Amino acid sequence: MPTPKRPHHLKVVAGTARPDREGPPLVQLPLVDDVPPPPDWLPNVHAVKEWQRVAPILIANRLLTTAALSTLGQMCAIHGKVIQLWNAGETPNSALMAQYRAFANDFGLTPVASGKVRPLGEGHAVNEFSGHGRRPTKESD
């Protein structure tokens, strides 16, 4: 039995993804053009400051979509909690730090992740050989 094809996201993580073999993105989500106001549910001023710092960076790099706004809010909320703990003289637990690091990686905000995340909305080059070997359809006759 043949080995099943590895999903593209696993190839990206392993560093074996090749741009010439990837297909178009599965979903085109609308990009955010202007910095939205921070959500009301952010827990403290540190979380709001993080929103105001990170959102413009993500928008400028075409990485923030309307679907990712709540994820950005969650990342900022965790950041606010971590800063609050540090200011109180406590150490954040490893689970909290791991969640923050995972969110930062998702948005390409770490040095390693910045090379793996590419801006949305950029057109993909059309492969002129993609129809090679296929029978012509009746519309193209």
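Only a predicted model underlies this, so the values are computations on that prediction, with no experimental measurement involved.
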Rounded distance (nearest 0.5 Å) linking atom [atom1] of [X] with atom [atom2] of [Y]:
{"X": "Lys81", "Y": "Leu85", "atom1": "NZ", "atom2": "CG", "value": "4.5 Å"}
{"X": "Leu69", "Y": "Gln74", "atom1": "CG", "atom2": "CD", "value": "11.5 Å"}
{"X": "Thr65", "Y": "Ile59", "atom1": "OG1", "atom2": "CD1", "value": "10.5 Å"}
{"X": "Asp33", "Y": "Thr66", "atom1": "CG", "atom2": "OG1", "value": "10.5 Å"}
{"X": "Leu58", "Y": "Leu109", "atom1": "CG", "atom2": "CG", "value": "5.5 Å"}
{"X": "Phe103", "Y": "Ile78", "atom1": "CZ", "atom2": "CD1", "value": "4.5 Å"}

Checklist entry - Taking Trp51 for the side chain and Pro36 for the main chain, is one N or O donor matched with an acceptor at less than 3.5 Å? => result yes
Next on the checklist: Closer than 3.5 angstrom, by distance alone: can the side chain of Asn44 be matched with the main-chain N or O of His46 as a donor-acceptor pair?
Outcome noted: yes
Checklist outcome for this item: Closest heavy-atom pair, Ala47 versus Cys76, reported as atoms and distance to 0.1 Å, is CB-O, 3.2 Å
Are [X] and [Y] joined in one hydrophobic group, where the rule is that I, L, V, M, F, W and Y side chains link up if heavy atoms are under 4.5 Å apart?
{"X": "Leu42", "Y": "Leu96", "value": "yes"}
{"X": "Val45", "Y": "Trp41", "value": "no"}
{"X": "Ile57", "Y": "Tyr100", "value": "no"}

Item to check | Residues Val54, Phe107; criterion side-chain contact (heavy atoms from CB on, under 4.5 Å); working and verdict | outcome: CA-CA 10 Å; Val54 173; Phe107 284 112; 6.0 Å; no
Checklist entry - When you look at Gln52 and Val35, which way does the side-chain contact (heavy atoms from CB on, under 4.5 Å) test go after all the steps? => result CA-CA 8 Å; Gln52 293 168 343; Val35 178; over 6 Å; no
